[in-house]
Student: 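Here's a structure for you.
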2 protein chains.
Amino acid sequence: MRVLIVEDEKGILNFLRDGLKEENFAVDTAQDGNTGLELALVNDYDVVLLDWMIPGISGIEVCRQIKKEKRSVPIIFLTAKDTVQDTVFGLEAGANDYIRKPFQFEELLARIRVQLRSTNEEDSALTFEDIYLNLDTRQVFKGKREIQLTQKEFALLEFLIRNKGKVCTRTRIIEHVWDIHFDSDTSVIDVYINFLRKKLDEDGKESCINTVRGVGYIMREV
Amino acid sequence: MRVLIVEDEKGILNFLRDGLKEENFAVDTAQDGNTGLELALVNDYDVVLLDWMIPGISGIEVCRQIKKEKRSVPIIFLTAKDTVQDTVFGLEAGANDYIRKPFQFEELLARIRVQLRSTNEEDSALTFEDIYLNLDTRQVFKGKREIQLTQKEFALLEFLIRNKGKVCTRTRIIEHVWDIHFDSDTSVIDVYINFLRKKLDEDGKESCINTVRGVGYIMREV
DNA sequence: CCGAATTTTAAGCGAATTTTAAGAATTCAT
DNA sequence: ATGAATTCTTAAAATTCGCTTAAAATTCGG
């Protein structure tokens with residue numbers, strides 16, 4: 001899940017970035033309106049956090065522009081202001097939600113989850129056959145057995161399951177899970193597929209992750 | 001589907017080439033304007049990706065020249081610049097779309113698909129009689145039976161079905177599926193037609209792929 | 001700052017795929 | 001019917017690609 005944070009105050013920015021990374025988001029940041037807008041238009045984010053008062057183009061304007069091109073990206077305003085006026089402006093500009101500073105990180109997280117939930121229509125769990133992924137607790141079960149996964153393993157499995165039934169090309173995987181854009185020469189995917197298979201597959205049975213030679217991988221339900 | 005990429009930065013070039021090959025495109029590349037233009041004029045591409053700033057003739061000029069001779073080839077600009085000015089120039093020069101670097105591979109792919117769709121009008125599935133090709137999962141079914149195909153087999157079948165009812169000449173096949181332009185002295189097509197027939201045809205019945213002696217092959221609906 | 005866990009790199013192996021090559025079979029014109 | 005051209009078939013050679021490992025680099029908590 002990719003997030004863009006547009007916020008000029010360094011302290012808050014770092015706080016948010018670190019917190020969200022811990023929650024396994026791929027985080028991009030911008031400290032002014034222009035950069036923020038550009039990033040938002042170029043990339044596909046799952047949610048955008050937008051400060052109200054930023055240098056360059058105002059938050060409201062950034063919001064308006066993003067919504068013009070990409071209707072579906074959820075935008076959450078972070079704002080110190082709290083008059084009714086401003087809130088109305090924000091929502092008119094197309095924001096999906098807003099949160100007043102200072103806020104509890106937990107609350108922000110909750111609001112982000114709400115937004116994600118509404119676009120994808122999933123709860124905080126993903127499943128594939130007898131594999132169960134709880135996104136809240138980061139627990140993974142294979143049947144009744146709990147499986148310990150590292151961050152990257154979890155992210156890769158999450159991506160594969162979200163795209164179950166479709167071939168995930170190496171390029172897409174490296175972009176969504178590793179956030180690498182211009183390096184095609186790495187075998188890190190192979191290694192992690194191998195890790196997942198070792199942890200998830202049962203002896204004798206076919207792997208739950210299929211290889212599509214020359215292309216990528218797919219989790220295909222039988 | 002054939003793509004030409006004109007881009008001087010090696011890293012980006014490789015990244016694009018690999019990514020597009022995974023998506024089953026036949027990819028040609030050029031690292032300067034002159035070579036790019038020449039390739040574009042000599043061959044039939046389904047889409048051209050053109051960097052703005054390249055050695056030799058400028059991207060804009062290449063675009064203009066291509067459009068003068070071949071109105072219909074869609075051209076997508078890859079550009080680091082982002083002023084309105086440049087965009088306007090690009091579109092005036094005849095570009096069909098542009099994308100700013102750095103970009104998500106996904107987004108590029110989406111834009112390419114938009115361009116292709118306007119000429120063809122395809123979904124993620126192709127059919128010919130009881131043969132069903134799913135481009136998402138790369139699965140092939142003959143009736144209810146699933147058929148395992150390799151990359152090249154898949155690409156060849158895809159090409160034949162996209163052109164069903166039309167004769168596919170050996171030259172067009174070798175260009176679109178193998179990306180070979182001069183070497184007419186190979187029997188690789190015969191071999192692969194043979195592979196496909198073995199996998200797809202049923203005993204006793206006529207092959208689903210017809211030979212047009214001296215010319216090529218055709219999938220003709222009865 | 002150290003040590004453990006995680007992530008990444010690199011290399012060898014082996015299997016699957018792709019290509020080459022050559023003889024057999026077919027088609028077509030004379 | 002015959003011979004030339006073209007296509008089919010097969011097998012073997014060449015290549016590519018993914019799997020596996022181990023070791024190096026990095027991150028992170030104490």
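By convention in this document, chain letters (A, B, ...) are assigned in the order of the sequence lines, proteins followed by strands, and residues within each chain are numbered from 1.
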Student: Do A/N43 and A/R2 have side-chain heavy atoms sitting under 4.5 Å apart?
Tutor: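 Yes, their side chains come closer than 4.5 Å.
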Student: Ignoring backbone atoms, test whether B/K198 places a side-chain nitrogen or oxygen under 4.0 Å from the OP1 or OP2 oxygen of D/dT10.
Tutor: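 So the side-chain polar atoms of B/K198 do come within 4.0 Å of the phosphate oxygens OP1 or OP2 of D/dT10, strictly under.
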Student: Find the distance B/D190:CG to C/dG23:C1' and express it as a whole number of Å.
Tutor: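 Nearest whole value for this atom pair: 14 Å.
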Student: Please report, rounded to the nearest Å, how far the P atom of D/dT9 is from the OH atom of B/Y192.
Tutor: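 Roughly 16 Å, once rounded to whole Å.
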Student: Considering just the side-chain nitrogens and oxygens of A/T186, establish if one lies under 4.0 Å of OP1 or OP2 belonging to C/dT9.
Tutor: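 Looking at the OP1 and OP2 atoms of C/dT9, one of them is under 4.0 Å from a side-chain N or O of A/T186.
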Student: Is any side-chain heavy atom of B/L160 less than 4.5 Å from a side-chain heavy atom of B/I193?
Tutor: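 Sidechains of B/I193 and B/L160: in contact.
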Student: Roughly how many Å is it from CG in B/N194 to P in D/dT10, rounded to a whole number?
Tutor: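 Atom-to-atom, B/N194 to D/dT10, this comes out as 7 Å.
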Student: Between D/dT20, C/dA22, D/dT10, which one does the side chain of B/V191 approach most closely?
Tutor: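 Among D/dT20, C/dA22, D/dT10, the one nearest the side chain of B/V191 is D/dT10.
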Student: Report yes if a donor N or O on one partner sits less than 3.5 Å from an acceptor N or O on the other, where the partners are the side chain of B/R213 and the base of C/dT27; otherwise report no.
Tutor: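 Yes, a donor-acceptor pair under 3.5 Å.
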Student: Just say parallel, tilted or perpendicular for the rings of A/Y132 and A/F141, cut-offs at 30° and 60°.
Tutor: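 If you compare the ring of A/Y132 with that of A/F141, the planes turn out tilted.
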Student: To the nearest 0.5 angstrom, please state how far the CG atom of A/N194 sits from the NZ atom of A/K198.
Tutor: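 Spacing of CG (A/N194) from NZ (A/K198) equals 4.5 Å.
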Student: Take atom CZ of A/R197 and atom C1' of D/dC19, then tell me their distance rounded to the nearest Å.
Tutor: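 In whole Å, D/dC19 C1' lies 8 Å from A/R197 CZ.
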Student: Calculate the interatomic distance between A/I193 atom CD1 and C/dT7 atom C1'; express it in whole Å.
Tutor: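 Between C1' of C/dT7 and CD1 of A/I193: 15 Å.
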Student: Between D/dG18 atom P and A/I218 atom CD1, what is the distance in whole Å?
Tutor: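 Checked: the CD1 to P distance equals 15 Å.
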Student: Using a heavy-atom cut-off of 4.0 Å across all strands, would you classify B/F154 as base, sugar-phosphate, or nothing?
Tutor: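 Touches nothing.
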Student: Whole-Å distance between C/dT18 P and B/I173 CD1?
Tutor: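 These atoms are roughly 16 Å apart.
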Student: Which listed nucleotide (C/dA22, C/dT19, C/dT8) is nearest to the side chain of A/K152?
Tutor: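 Selected nucleotide (nearest to the side chain): C/dT8.
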Student: Between C/dT8 atom C1' and A/E153 atom CD, what is the distance in whole Å?
Tutor: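 Checked: the CD to C1' distance equals 13 Å.
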Student: How long is the gap from CZ on B/F128 to CE on B/M219, to the nearest 0.5 Å?
Tutor: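 These two atoms lie 4.5 Å from each other.
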Student: If only side-chain N and O atoms of A/S187 are considered, is one of them under 4.0 Å from the OP1 or OP2 phosphate oxygen of C/dA10?
Tutor: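 Answer is no, no contact under 4.0 Å.
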Student: Measuring from the side chain of B/Q151 (C-beta onward, heavy atoms only), which nucleotide among C/dT18, D/dT21, C/dT7 has the closest atom?
Tutor: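 Within the option list, the nearest is C/dT18.
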Student: Does a side-chain N or O of B/T150 approach OP1 or OP2 of C/dT18 to a distance below 4.0 Å, or not?
Tutor: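 For B/T150, the contact criterion (side-chain N or O under 4.0 Å from OP1 or OP2 of C/dT18) is met.
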Student: Does C/dT18 have OP1 or OP2 under 4.0 Å away from a side-chain N or O of B/W178?
Tutor: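 It does not, given that no N or O in the side chain of B/W178 lies less than 4.0 Å from OP1 or OP2 of C/dT18.
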Student: Check every atom of D/dC19, D/dC8, C/dT19 against the side chain of B/Y217 and return the nucleotide holding the closest atom.
Tutor: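 Looking only at heavy atoms from C-beta outward on B/Y217, the closest nucleotide is D/dC8.
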